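Structure record follows, encoded as structure tokens.
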Amino acid sequence: MVSNPTTVSYRLFASGYCTAHDWIVDPKNGRGKALFYAVWLLIDHPRHGLYVFDTGYSPRFLEATRHFPDKFYGWATPAFIQKEETAMAQLAQAGIKPSDLSGMIISHFHADHVAGMLDFPKIPVICHSAAMEQVLSVKGFGAVRHGIVKTLIPTDLRERARVITEDSVVADKALMQNLDGPSSLQFQDLFGDGSVELAQLPGHARGQLGIRIHTADHTLFFATDAAWRKSTLEAGILPSPTVKLFFDDWAAYKTTFSALRNYQQVFPMHRLLFTHCPETLNYITSFHP
Ligand SMILES: [Zn+2]
């Protein structure tokens with residue numbers, strides 16, 4: 001990167017995990033169980049303050065999925081979370097109160113990314129407009145099918161939302177020079193200083209966002225659930241087609257997946273991580289499996 005006067009710092013955390021069959025992640029080589037840790041970020045911007053990006057699980061998910069239809073969600077992805085592992089509890093250990101945050105950025109509204117949202121009332125919520133409209137409109141089985149547990153979503157979401165739309169993004173110019181138009185990724189400069197960008201990663205969930213952060217010594221591209229495992233992305237192994245049942249758009253997922261493979265070739269020096277990838281756990285300082 002050329003000189004960038006504003007650099008931010010970040011920390012990765014995990015709040016709980018769920019389990020699923022490994023063959024869903026890797027239909028070629030998967031066996032046994034896969035653990036999906038719910039990883040989230042704390043971002044520290046020198047002028048805009050502290051933001052969380054996603055929130056991980058909270059025991060509220062276990063409570064919410066005791067009854068039908070949400071009980072199906074708990075069966076599909078059995079979750080494990082202690083109350084001292086929540087985003088709020090881990091921030092408290094770092095001396096940070098929910099009211100110290102300037103805002104929260106939500107990649108998408110699947111329960112393992114938003115179960116902690118209610119612990120952070122009042123602060124602005126940055127999310128994709130399409131993701132917000134979907135989460136506010138789905139109900140009952142329709143919500144469960146889309147990975148959404150309505151009781152985890154703040155009732156004042158619309159009032160607090162600062163939405164990202166399809167038009168508000170610009171294609172990454174550096175990437176455009178190396179890639180074909182349709183397979184390039186789109187980023188939006190969040191603070192207007194080039195330090196933090198939100199990436200549009202359609203397919204897995206409606207309006208899914210990733211985040212790219214330029215720190216003093218490296219660039220992180222946290223591409224959320226656009227792939228579940230870096231090794232399968234590198235090998236070009238797509239998840240089992242059974243995920244089509246709850247993915248938003250399989251064709252878009254495949255396009256995003258191949259754009260990420262290209263991205264990694266164009267920017268091998270960037271730290272490309274995914275929410276649920278085991279490799280990501282190496283970057284969590286407080287993590288003790
Ligand atoms: Zn997801």
Side-chain angles (χ1 to χ4, degrees), residues 12-22 24-26 34-41 52-58 60-61 64-65 70 72-81 87 104-117 125-128 130-135 138 142-150 152-153 157 164 198-211 221-230 232-233 238-257 260 272-281:
L12 271 67
F13 297 82
S15 291
Y17 64 92
C18 70
T19 61
H21 293 292
D22 199 41
I24 293 175
V25 182
D26 183 348
L35 300 189
F36 284 60
Y37 279 89
V39 175
W40 53 276
L41 282 76
V52 285
F53 179 86
D54 285 346
T55 69
Y57 277 116
S58 107
R60 214 175 278 122
F61 175 82
T65 52
D70 297 318
F72 286 112
Y73 202 147
W75 283 344
T77 57
F80 302 87
I81 170 81
M104 126 172 79
I105 308 163
I106 297 298
S107 65
H108 62 298
F109 288 91
H110 284 167
D112 52 331
H113 297 253
V114 301
M117 273 187 98
V125 178
I126 298 166
C127 61
H128 196 289
M132 182 185 75
E133 293 309 330
Q134 183 189 47
V135 78
V138 290
V144 178
R145 198 183 88 69
H146 287 107
I148 291 165
V149 175
K150 290 285 281 206
L152 302 174
I153 309 300
L157 175 62
I164 307 294
L198 296 179
Q200 306 242 354
L201 301 170
H204 169 75
R206 187 80 50 88
Q208 180 179 243
L209 299 172
I211 191 165
F221 183 13
F222 191 73
T224 55
D225 289 12
W228 280 326
R229 201 170 288 166
K230 200 167 171 182
T232 50
L233 178 88
L238 287 160
S240 158
T242 54
V243 301
K244 288 181 199 174
L245 284 171
F246 72 97
F247 274 22
D248 183 54
D249 181 337
W250 182 244
Y253 180 83
K254 289 195 287 185
T255 305
T256 299
F257 192 85
L260 280 169
L272 176 64
L273 299 180
F274 300 94
T275 305
H276 306 299
C277 176
E279 191 184 316
T280 303
L281 301 177

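We're numbering straight along the sequence, starting at 1. Indexing begins at 1, ligand by ligand and atom by atom, following the structure's order. Predicted model only: the values in this text are computed from it and were never measured.
- Rounding to 10°, one obtains 100° for the angle at the Zn ion (ligand 1) between NE2 (H108) and OD2 (D225).
- A distance of 6.0 Å or more separates the ring centres of F274 and W228.
- No side-chain donor from either of Q208 and H110 sits under 3.5 Å from a side-chain acceptor of the other.
- Between atom SG of residue C127 and atom CG of residue L198 there is a gap of 10.5 Å, rounded to the nearest 0.5 Å.
- Checked against the Zn ion (ligand 1), the N, O or S atom of H110 at the shortest distance is ND1.
- Residue D112: no N/O/S atom is found under 2.8 Å from the Zn ion (ligand 1).
- Using a 4.0 Å cut-off between a side-chain N of Lys or Arg and a carboxylate O of Asp or Glu, R229 and D22 qualify as a salt bridge.
- For the Zn ion (ligand 1), the N/O/S atoms of H204 include one lying under 2.8 Å.
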